Chemist: 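Got a structure for you, written out below as structure tokens; questions coming shortly.
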Amino acid sequence: MTKGTLIFDYDGTINETIETFEPSVRKAIEWLKDEKGIIAPEADTTRISRFLGMNARDMWLDFIPDLPDDVALEIRDVVGDEMLRLEAAGCCKWYEGIEEALTKFKEEGWNLAILSNCRTHHAKGHWNTFHLEKWFTKFYDCQSFGFAPKTEIIKTVMAEQPGPWIMIGDRSSDRDCAKAGGIKFIGCGYGYGSPEELEGSDIILECSLDLPAAVEKLAE
């Protein structure tokens, strides 16, 4: 009998995505200049990391507000293709202790699922690279739902996965998702969101190694 479902965000919660995301964004910025004659604002690692967890189209329009919609869609593909190339080359990695935590949760009887703002090819690529079927029942990516916000997709997740549920993520979109579902939320302060984004969390983690204890506390 399952204890319920832990619903994980992926990038910035499980996966240290900046390792492949930052070089891909920088390549896309060069593509913008060379192919479209558009000069993007300067961005350091901190600024780029804030894009993680955002819908890709919204990310580029936030970064360059007057960017035409069609170009925002094109550059999204440039980033996605480069990330795929880097991931295939073995450049991606998980946060410390995450694999051990997932194994522990499964042994304790938790059902696990992922809800991410990523695209379908990103979800499939990581499913295959990390053999996610060892832990997770399903990977819900926003592209499969027409890039709908997580606050809408959570209804499907909760309908398909057994409760009670706990949401785990690093961005305000994850916090709002938990609020929309009326479920508990663990904010991952070690990820890419700002401290303000995680206000209202039931628990905020500063280290990925503390995740098992946080789940145990909320499950009491």
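These numbers were taken from a predicted model, which means no experiment stands behind them.
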Chemist: If you take all heavy atoms of S201 and L198, which pair is closest and at what distance?
Modeler: OG-O, 2.6 Å

Chemist: Using modelled atom types only, decide if a donor and an acceptor are shared between the side chain of S24 and the backbone of E22 within a distance under 3.5 Å.
Modeler: no

Chemist: Could you tell me the separation between the CZ atom of F130 and the CD1 atom of I14, rounded to the nearest 0.5 Å?
Modeler: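 Taking CZ in F130 and CD1 in I14, the distance rounds to 10.0 Å.
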
Chemist: Would I29 and I39 count as a side-chain contact (heavy atoms from CB on, under 4.5 Å) if you check the C-alpha gap in whole Å, the side-chain angles of each, and the deciding distance to 0.1 Å?
Modeler: CA-CA 8 Å; I29 288 173; I39 306 300; over 6 Å; no

Chemist: Examine V78 and F147 and state if one hydrophobic cluster contains both, with Ile, Leu, Val, Met, Phe, Trp and Tyr joined whenever side-chain heavy atoms are less than 4.5 Å apart.
Modeler: no

Chemist: Should we say atom NZ of K36 is surrounded by more than 12 heavy atoms from elsewhere, each under 6.0 Å from it?
Modeler: yes

Chemist: Tell me, do I64 and L61 make a side-chain contact under 4.5 Å, heavy atoms counted?
Modeler: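 No, every pair of side-chain atoms sits at 4.5 Å or beyond.
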
Chemist: Please check if the side chain of K184 supplies one atom and the backbone of L218 the other of a donor-acceptor pair under 3.5 Å.
Modeler: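 Yes, the answer is positive, given that a donor and an acceptor are paired below the 3.5 Å cut-off.
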
Chemist: Search all heavy atoms of W94 against all heavy atoms of I98 and return the closest pair with its distance.
Modeler: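 Nearest pair, atom of W94 first, then I98: CE3-CG2, 3.9 Å.
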
Chemist: Determine whether I166 and I183 make a side-chain contact, defined as any pair of heavy atoms from C-beta on separated by less than 4.5 Å.
Modeler: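 Of all side-chain heavy-atom pairs linking I183 with I166, none is under 4.5 Å.
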
Chemist: Which pair of non-hydrogen atoms, one from L209 and one from G97, has the smallest distance, and what is that distance?
Modeler: CD2-CA, 3.7 Å

Chemist: Taking the six-membered ring for Trp, are W31 and W60 closer than 6.0 Å centroid to centroid?
Modeler: no

Chemist: With clusters defined by side-chain heavy atoms of hydrophobic residues (ILVMFWY) lying less than 4.5 Å apart, directly or transitively, does I186 cluster with Y140?
Modeler: no

Chemist: Applying the 4.5 Å side-chain criterion to the ILVMFWY set and letting contacts propagate, would F105 and I114 be lumped into a single cluster?
Modeler: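 Yes, same cluster.
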
Chemist: What are the two closest non-hydrogen atoms of N117 and C142, and how far apart are they?
Modeler: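 Looks like O-SG, 2.9 Å.
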
Chemist: Look only at the side chain of T5 and the backbone of I7, and say whether a donor-acceptor pair between them is shorter than 3.5 Å.
Modeler: no

Chemist: Taking the side chain as everything from C-beta on, heavy atoms only, tell me whether L112 gets closer than 4.5 Å to Q161.
Modeler: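 L112 does not reach Q161 side chain to side chain.
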
Chemist: W135 and H131: which non-hydrogen atoms are nearest, and at how many Å?
Modeler: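 Heavy-atom minimum between the residues: CZ3-O, 3.9 Å.
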
Chemist: Report, as yes or no, whether the 6.0 Å neighbourhood of atom NZ on K3 holds more than 12 heavy atoms from other residues, nucleotides or ligands.
Modeler: yes

Chemist: Assign the ring pair F136 / F8 to parallel, tilted or perpendicular, where the plane angle (0 to 90°) is split at 30° and 60°.
Modeler: perpendicular

Chemist: Aromatic rings H122 and H126: how do their planes relate, parallel, tilted or perpendicular, breaks at 30° and 60°?
Modeler: tilted

Chemist: Go through the side-chain N and O atoms of T2 and W110 and say whether any donor and acceptor fall under 3.5 Å apart.
Modeler: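 Absent: no donor and acceptor within the cut-off.
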
Chemist: Please tell me if the side chains of L73 and R76 come closer than 4.5 Å, counting only heavy atoms from C-beta onward.
Modeler: yes

Chemist: Kindly work out whether a path of hydrophobic side-chain contacts (I/L/V/M/F/W/Y, heavy atoms less than 4.5 Å apart) joins I38 to I48.
Modeler: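 Same hydrophobic cluster.
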
Chemist: Do the side chain of S208 and the main chain of Y95 share a donor and acceptor less than 3.5 angstrom apart?
Modeler: no

Chemist: Are F63 and V25 packed together at the side-chain level, in the sense that at least one heavy-atom pair is separated by less than 4.5 angstrom?
Modeler: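 F63 does not reach V25 side chain to side chain.
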
Chemist: Is it true that atom NZ of K134 has more than 12 heavy atoms of other residues, nucleotides or ligands lying nearer than 6.0 Å?
Modeler: yes

Chemist: Hey, do the aromatic rings of F139 and Y10 have their centres closer than 6.0 Å?
Modeler: yes

Chemist: Is a donor on one side and an acceptor on the other found under 3.5 Å between the side chain of K150 and the backbone of L115?
Modeler: yes

Chemist: Please round to the nearest 0.5 Å and tell me the distance separating atom CG of L32 and atom CG of L67.
Modeler: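 Nearest 0.5 Å value for the CG-CG distance: 6.0 Å.
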
Chemist: Applying the side-chain hydrogen bond (donor to acceptor under 3.5 Å, both in side chains) criterion to E197, which one of R171, R175, R50 satisfies it?
Modeler: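 With E197 as partner, R171, R175, R50 yield a single side-chain hydrogen bond (donor to acceptor under 3.5 Å, both in side chains), made by R171.
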
Chemist: Between K217 and D202, is there a side-chain N and carboxylate O pair less than 4.0 Å apart?
Modeler: no

Chemist: Among D77, D141, D81, D11, which residue satisfies the salt bridge (charged side-chain N to carboxylate O under 4.0 Å, His left out) criterion with R119?
Modeler: D77

Chemist: Which heavy-atom pair separates C188 from D170 by the least distance, and what is that distance?
Modeler: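 Heavy atoms only, the tightest pair is O-CB, 3.4 Å.
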
Chemist: Output, in order, the C-alpha distance, side-chain angles, deciding distance and verdict of salt bridge (charged side-chain N to carboxylate O under 4.0 Å, His left out) for R85 and E82.
Modeler: CA-CA 5 Å; R85 187 188 71 78; E82 180 63 8; 2.8 Å; yes

Chemist: Between Y192 and I18, is there a donor-acceptor pair closer than 3.5 Å when you use the side chain of the first and the backbone of the second?
Modeler: yes

Chemist: Going by heavy atoms in the side chains, are L52 and M59 under 4.5 Å from each other?
Modeler: no

Chemist: Output, in order, the C-alpha distance, side-chain angles, deciding distance and verdict of salt bridge (charged side-chain N to carboxylate O under 4.0 Å, His left out) for E30 and K33.
Modeler: CA-CA 5 Å; E30 288 300 311; K33 182 179 69 173; 3.4 Å; yes

Chemist: In the structure I gave you, are the side-chain heavy atoms of E87 and C92 within less than 4.5 Å of one another anywhere?
Modeler: yes

Chemist: State the CE-NE2 distance between M83 and H121, to the nearest 0.5 angstrom.
Modeler: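 Here the interatomic distance stands at 8.5 Å.
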
Chemist: Report the distance from atom CE of M167 to atom CG of D176, rounding to the nearest 0.5 Å.
Modeler: 10.5 Å

Chemist: Report yes or no: do W127 and L102 belong to one cluster of Ile/Leu/Val/Met/Phe/Trp/Tyr joined by side chain heavy-atom distances under 4.5 Å?
Modeler: yes

Chemist: If you define the side chain from C-beta out and look only at heavy atoms, does anything of L6 sit under 4.5 Å from I168?
Modeler: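 Answer yes - side chains close enough.
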
Chemist: More than 12 non-hydrogen atoms from neighbouring residues, nucleotides or ligands closer than 6.0 Å to CD on E96, yes or no?
Modeler: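 No, the 6.0 Å shell around CD holds no more than 12 heavy atoms from other groups.
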
Chemist: With a sphere of 6.0 Å drawn around CD of E133, does it hold more than 12 non-hydrogen atoms of other residues, nucleotides or ligands?
Modeler: yes

